Chemist: 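Once you've had a glance at the structure underneath, I'll fire off some questions.
Start at 1 and go down the list; that is how both ligands and their atoms are numbered. Just so it is clear, the structure is predicted and the values come from calculations on it, not from any experiment.
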Amino acid sequence: MSGPVAVAPGVVLWRERLDRAAQAALLSEVFARATDAPFYRPVMPGSGAAFSVEETNFGELGWLSDKSGYRYVPVHPQTGRPWPTIPPALLDLWDATTGYRTPPQCCLVNLYRPGARMGLHQDREEATDAPVLSVSLGDQALFRIGGTTRRGPTRSVKLASGDVLVFGGPARLAFHGIDRIVAGSSTLVPGGGRINLTLRRVTKPE
Ligand code: MD3
Ligand code: FE
């Protein structure tokens with residue numbers, strides 16, 4: 001294990017912060033919860049165009065995109081049940097890497113099968129004074145991050161299984177996205193592909 005790398009202002013990367021055994025353990029926690037809260041394919045507000053990524057959530061609030069907009073909701077859109085709990089290993093990782101005073105309220109789970117991508121966007125539906133923590137599992141991905149405007153220079157970083165990123169301060173409102181998945185670069189995810197877990201605070205702590 002090596003130390004953190006400063007990728008950009010406010011962005012810290014721990015390459016392979018989780019070893020293979022920890023990745024496999026976390027993946028089984030994710031799939032166990034996805035039995036109760038199945039992955040679904042969100043659609044874009046307005047147009048209703050389907051995402052190429054499939055999603056589910058854990059925690060008290062889940063991020064949802066549908067025809068009426070982006071928002072955080074307490075239940076799964078198809079089952080109507082509360083989201084499953086956030087895996088304890090992720091809560092420990094949040095404490096160890098962010099030091100933030102309160103635990104995350106949302107764990108958004110993105111499933112990228114080969115060919116899926118995520119266009120450049122900002123995440124601004126939540127309390128942006130808190131950091132976001134991201135964990136990558138499975139196939140490598142080409143991640144791109146820019147500044148707080150859509151135009152301007154961007155940096156690309158290859159993310160691999162077990163990598164952990166924390167975005168805070170000046171990076172919290174940065175445009176970012178996933179340009180592509182490197183199909184077949186990992187054997188971790190059955191059926192192939194990549195899972196990304198992002199931990200977020202949604203509301204401002206008291
Ligand atoms: C920087 N996910 O879920 S993780 C997302 O790999 C999202 O699935 C990508 O963008 C993925 O919204 C990138 C890295 C990430 C996540 C959230 C951020 C970077 C961020 C929020 C603010 C700034
Ligand atoms: Fe994002």
Chemist: In the single-linkage hydrophobic clustering (I, L, V, M, F, W, Y; side-chain heavy atoms under 4.5 Å), do F58 and F39 co-cluster?
Modeler: yes
Chemist: Is there a heavy atom in H121 that sits closer than 4.0 Å to ligand 1?
Modeler: yes
Chemist: Under 4.0 angstrom from ligand 1, any heavy atom of V132?
Modeler: yes
Chemist: Kindly write out the residues that satisfy side chain to side chain contact (heavy atoms under 4.5 Å, CB included) with D36, not counting sequence neighbours, or none if the list is empty.
Modeler: R81, P84
Chemist: If only side-chain N and O atoms count, and only distance matters, is there a donor-acceptor pair under 3.5 Å linking T98 with R201?
Modeler: no
Chemist: Which bit of R200 is near ligand 1, meaning a heavy atom under 4.0 Å away: side chain, backbone, both or neither?
Modeler: side chain
Chemist: Do T35 and R33 have a side chain donor and acceptor closer than 3.5 Å?
Modeler: no
Chemist: Report yes or no: do L199 and L108 belong to one cluster of Ile/Leu/Val/Met/Phe/Trp/Tyr joined by side chain heavy-atom distances under 4.5 Å?
Modeler: no
Chemist: Using heavy atoms and a threshold below 4.0 Å, how should the contact between E125 and ligand 1 be classified: side chain, backbone, both, or neither?
Modeler: neither
Chemist: With a 4.0 Å cut-off on heavy atoms, is W63 in contact with ligand 1?
Modeler: no
Chemist: Does either side chain, that of E54 or that of Y40, offer a donor lying less than 3.5 Å from an acceptor on the other one?
Modeler: no
Chemist: Considering only heavy atoms of S134, which atoms of ligand 1 have at least one such atom less than 4.0 Å away?
Modeler: 4 (S), 14 (C)
Chemist: Can you give the angle H176 NE2 - the Fe ion (ligand 2) - H121 NE2, rounded to 10°?
Modeler: 90°
Chemist: To the nearest 0.1 Å, how far is atom 7 (C) of ligand 1 from its closest protein heavy atom, and which atom is that?
Modeler: M118 SD, 3.6 Å
Chemist: What about V53 and W83, same hydrophobic cluster or not, with Ile/Leu/Val/Met/Phe/Trp/Tyr joined at side-chain heavy-atom distances under 4.5 Å?
Modeler: no
Chemist: Which is it for L108 and ligand 1 at heavy atoms under 4.0 Å: side chain, backbone, both or neither?
Modeler: side chain
Chemist: How close does the nearest protein non-hydrogen atom get to atom 14 (C) of ligand 1, and which residue and atom is it?
Modeler: F167 CE1, 3.4 Å
Chemist: What's the shortest distance from atom 9 (C) of ligand 1 to any protein heavy atom, and which residue and atom give it?
Modeler: Y112 OH, 3.7 Å
Chemist: For atom 21 (C) of ligand 1, find the nearest protein heavy atom and state the residue, atom name and distance (0.1 Å precision).
Modeler: H176 CE1, 3.5 Å
